[in-house]
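Below, chain A is the first sequence line, B the second, and so on; all start at residue 1. The model shown is predicted, which means the values in this text are computed figures rather than measured ones.
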Amino acid sequence: MTAERRTRLSDAQPGTAAVVVEVAGEGPFRRRLLDMGFVRGMCVRVIKSAPLGDPVEYCLGGTHVTLRKHEAEQVVVTVLPDAVCSPRRRRGLGWHHGHGGHGPRWLRRGRSE
Amino acid sequence: MAEKRTLRIALAGNPNSGKTSVFNCMTGARQHVGNWPGVTVERKTGHLSHRGYDIEVVDLPGTYSLTTFSVEERVARSFVVDERPDVVVDVVDSGNLARNLYLTVQLLELGAHVVVDLNMWDELQASGARLDRAKLTELLGAPVVSTVAQTCEGIEELLDAVVDLAEDRVPRHRHVPVSYGGHVDDVVATLAGAVESAAGGREALARLPARWVATKLLEGDPEVAALVAGGAPALAAVREAAARGIEHIAAATGSDPERVISEGRHGYVAGALREALTEATVDRMEISRRIDNVFTNRFLGYPIFLLFMWLLFQLTFRAGAYPMHWIDTLVNWLCGTVCAGLPDSILTDLFVDGIVGGVGSVIVFLPNILILFLGISFLEDSGYMARAAFLMDRVMHALGLHGKSFIPMLMGFGCSVPAIMATRTLESRRDRVLTILLIPLMSCSAKFPVYLLVGGAFFGERAGSVVFIVYLLGVVAAILLGRLLAKTMFRSAPEPFVMELPPYRLPTPKGLGIHMWERAKLYLQKMGGVILVASVVLWFLGAFPRDEGARTRVEAEASSLRAAGTVEAVAQADRLVEELDSTQIANSFVGRIGRTIAPAMGPLGFTWEMSVSLVTGFVAKEVIVSTLGVLYHAEAGPGEPRESLSRALRNPASGITPLAAFAFMMFVLLYTPCVATVAAVRREAGSGWMWFSIASQLSLAWLVGFGVYQIGRLAGL
């Protein structure tokens with residue numbers, strides 16, 4: 001098992017995957033993220049940033065959502081070393097450490113994007 | 001058989017769940033589009049009959065949750081709580097169950113009678129996923145059906161389920177309480193107990209499930225907190241229990257209730273899906289991702305976006321010009337045949353210039369609106385709109401706006417009326433109002449003839465550059481005003497840019513048609529009347545009071561001169577008639593208003609004629625040109641009327657300096673838009689914002705005009 005490091009979602013590079021630890025801050029914005037499924041244990045893949053660098057497209061539980069950089073800063077994550085959300089993790093809540101590397105082909109392609 | 005034959009159902013669901021398509025399938029074109037009371041969130045209702053029931057369907061705003069943070073969620077929640085619909089149909093995107101069922105759980109917690117509609121069922125099946133519907137029904141405690149709204153498949157079965165549930169023919173949902181974890185569940189149970197003891201005799205509290213009230217109190221929901229405000233000991237006990245509960249949760253979980261409860265709901269959904277769903281083997285976003293490799297590509301993204309925008313603009317305003325021309329010709333022809341037979345009188349004038357002109361000014365926008373909304377519906381239904389917002393957000397965010405605001409703003413260069421209507425694509429009211437306030441600063445095409453005339457008259461060869469600068473300054477003004485408003489009046493509600501990029505889909509002609517028809521109806525019903533009345537009133541103000549004596553005298557003299565037939569006599573007759581028209585407008589109510597405000601326009605270098613033309617410009621901006629023409633005695637008739645007016649303006653006798661002309665162009669750019677736009681602002685943002693829009697733009701125009709003229713003079717221009 002590789003060590004996982006805790007960081008902000010805004011610092012995760014396109015092509016990587018990370019698991020949500022918590023959403024910091026308070027108020028409508030945090031609530032919206034919680035409602036959208038940015039809760040502990042959910043796996044997020046960083047797809048790409050818009051041509052001007054902001055906002056950034058993420059894949060969360062099979063849907064693609066966009067966040068502005070300063071919004072993604074509020075999301076604390078641990079980056080997954082193998083950059084893969086396994087189907088188990090994708091479903092969130094109850095993902096396993098160190099699982100991965102052999103998901104479906106499209107999941108692995110994330111790296112080259 | 002039950003005696004109740006009418007049902008009222010509500011459609012709830014996430015944005016992009018296909019809720020609108022389900023609604024269209026149910027009601028067809030029998031829809032009524034209005035607003036929710038007190039807010040300008042669209043409220044759509046429709047009627048249908050099914051198995052002998054008359055069913056009223058209310059389409060709730062698309063939401064992810066039921067908090068009180070956004071107007072949309074408040075509207076949806078209060079409808080379910082206060083209006084108690086017989087059944088709530090929760091439209092769910094089958095391809096995204098985890099997030100969509102989160103709303104379902106909240107509706108169930110609220111005690112609503114829910115039918116879960118798994119929409120886009122075909123996509124779920126194509127993806128290789130398998131869902132045990134019976135299992136999900138059991139786990140959620142609510143009937144689960146499936147539909148494909150794009151082809152209206154399964155709608156009959158959905159309605160059967162609705163009727164069955166409403167008539168208690170299926171077991172009512174047994175509330176399966178969401179577990180938030182041991183400690184939290186204890187807190188919720190204790191608090192719910194306190195709520196129940198307090199509910200006796202308090203109707204507002206008693207009709208809500210105690211457990212739901214308890215979770216909302218823990219989440220700090222202000223509307224629910226207001227229900228337990230008051231001096232009664234039972235209510236104080238509830239508040240105390242809630243405060244203790246929050247502390248307890250923080251101590252036990254190291255986290256706040258909002259997060260713990262949200263995680264509990266997501267966990268509940270995940271648990272249900274673990275049992276009922278076999279995950280997809282094919283990713284439905286695969287194709288969309290490939291398309292996005294091009295459409296949101298770092299290099300190709302913007303060129304493609306600009307191409308689409310160019311097409312949309314050209315289609316709306318260029319192609320739209322043809323039907324506009326036909327309408328114009330038709331109206332003229334009808335009027336030519338009908339009006340010719342009418343006697344020469346004030347009533348005829350009222351009919352021809354007032355009413356026909358007014359109706360003309362209403363329907364002239366219709367082709368634009370139809371085409372623009374066809375285009376916008378296509379962009380929205382296909383999924384490209386979200387990508388456009390993704391691309392443009394960085395730019396629009398600088399103005400304090402959402403990426404989606406770009407399209408309405410761009411359309412503002414064509415005409416503000418459809419552009420303002422296009423702000424309905426924006427989800428948050430804050431963004432909608434702010435965009436509506438900025439749209440009139442995008443110089444619309446009706447202002448162009450004014451620039452062309454004034455610019456051409458005073459700046460000759462440099463006219464092109466000057467007009468370009470005016471357009472540019474409009475954009476600059478929008479940026480500055482947008483930033484200012486975002487930092488002041490609109491600071492309170494920062495709307496997060498959490499936007500979904502839905503999979504690309506091919507829009508259906510039916511969906512596009514209904515959407516287009518809806519907009520046209522909305523425009524004709526809700527704005528057409530206002531525009532028509534305002535046009536007639538403005539015509540009246542321009543036509544009265546009139547000096548009938550002088551008119552008869554001049555017309556008699558002119559016709560006798562024309563009868564003489566010599567070139568000089570005819571010219572003399574024309575001059576007399578012109579003189580009369582000019583005096584008429586100068587003495588009319590509009591002319592008097594114009595002359596009254598003229599002193600206020602003095603510091604901007606405007607003549608009274610210019611002031612009058614600004615007043616008539618309220619009808620439509622291009623009217624400024626014709627008013628100036630009448631007031632400055634431009635030679636009417638064939639040839640080059642604009643050229644002669646241009647000369648008349650340039651003539652030192654007109655009293656207009658090039659500097660004043662530039663200030664005038666800036667004023668026309670910035671000041672209160674035409675009556676149709678004002679009607680649209682009132683319709684979409686409310687009367688308060690309409691007055692704000694009028695006042696702020698007038699002040700802005702005056703200040704800028706003043707600044708330009710006075711600074712220019714100091715600089716010796």
Point-to-point distance, once rounded to the nearest 0.5 Å, from [atom1] of [X] to [atom2] of [Y]:
X      : Y      : atom1 : atom2 : value
A:C59  : B:L501 : SG    : CG    : 10.5 Å
A:E57  : B:M499 : CD    : CE    : 9.0 Å
B:S262 : A:M36  : OG    : CE    : 12.0 Å
A:I47  : B:R289 : CD1   : CZ    : 5.5 Å
B:Y64  : A:R32  : OH    : CZ    : 6.5 Å

Region of A:V23 in contact with chain B, defined by heavy-atom distances below 4.5 Å =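 Neither part.
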ask   = By a 4.5 Å heavy-atom criterion (distance strictly below it), what part of B:F299 contacts chain A: side chain, backbone, both, or neither?
value = neither
ask   = Which atoms of B:R99 come close to chain A, meaning under 4.5 Å heavy atom to heavy atom: side chain ones, backbone ones, both, or neither?
value =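 B:R99 touches chain A through side-chain heavy atoms alone.
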Is any side-chain heavy atom of [X] closer than 4.5 Å to a side-chain heavy atom of [Y]?
X      : Y      : result
A:R30  : B:E258 : yes
B:M285 : A:T63  : no
A:D35  : B:T67  : yes
A:D54  : B:D393 : no

task = Look only at the side chain of B:H266 and the backbone of A:L34, and say whether a donor-acceptor pair between them is shorter than 3.5 Å.
result = yes
key: Sidechain-backbone polar pair: A:K48 side chain, B:D292 backbone, donor-acceptor under 3.5 Å   =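 The answer is yes, because a donor-acceptor pair under 3.5 Å joins these two groups.
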ask   = Has B:I287 got more than 12 heavy atoms of other residues, nucleotides or ligands less than 6.0 Å from its CD1?
value = no
task = Count the heavy atoms of every other residue, nucleotide or ligand shown that sit under 6.0 Å from CZ of B:R505, and state whether that count exceeds 12.
result = yes
remark   = Assert top hit (heavy-atom pairs under 4.5 Å, partner chain B, pool A:G37, A:A72, A:G53) equals A:G37
A:P51 versus B:L391, closest heavy-atom pair with distance =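 It is CD-CD2, 3.4 Å.
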Closest contact, heavy atoms only, A:P55 versus B:F390 =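 That closest heavy-atom pairing would be CD-O, 3.5 Å.
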ask   = Where do A:L52 and B:V395 land on the side-chain contact (heavy atoms from CB on, under 4.5 Å) test, with the steps shown first?
value = CA-CA 9 Å; A:L52 294 176; B:V395 179; 3.7 Å; yes
request  = Salt-bridge test for B:D221 and A:R31: reply yes if a basic N is under 4.0 Å from a carboxylate O, no otherwise.
outcome  =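 Not counted as a salt bridge, because no side-chain N and carboxylate O are separated by less than 4.0 Å.
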query = Of all of B:V269, B:N96, B:D93, which one pairs up most often with chain A through heavy atoms under 4.5 Å apart?
reply =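 Option with the top pair count is B:N96.
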message = Quick check for you: among B:R259, B:R298, B:R265, which has the greatest number of heavy-atom pairs under 4.5 Å with chain A?
response =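 Ranked by contacts with chain A, first place is B:R259.
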request  = Mind running side-chain contact (heavy atoms from CB on, under 4.5 Å) on A:L33 and B:V498 for me, showing each step along the way?
outcome  = CA-CA 7 Å; A:L33 285 192; B:V498 192; 3.7 Å; yes
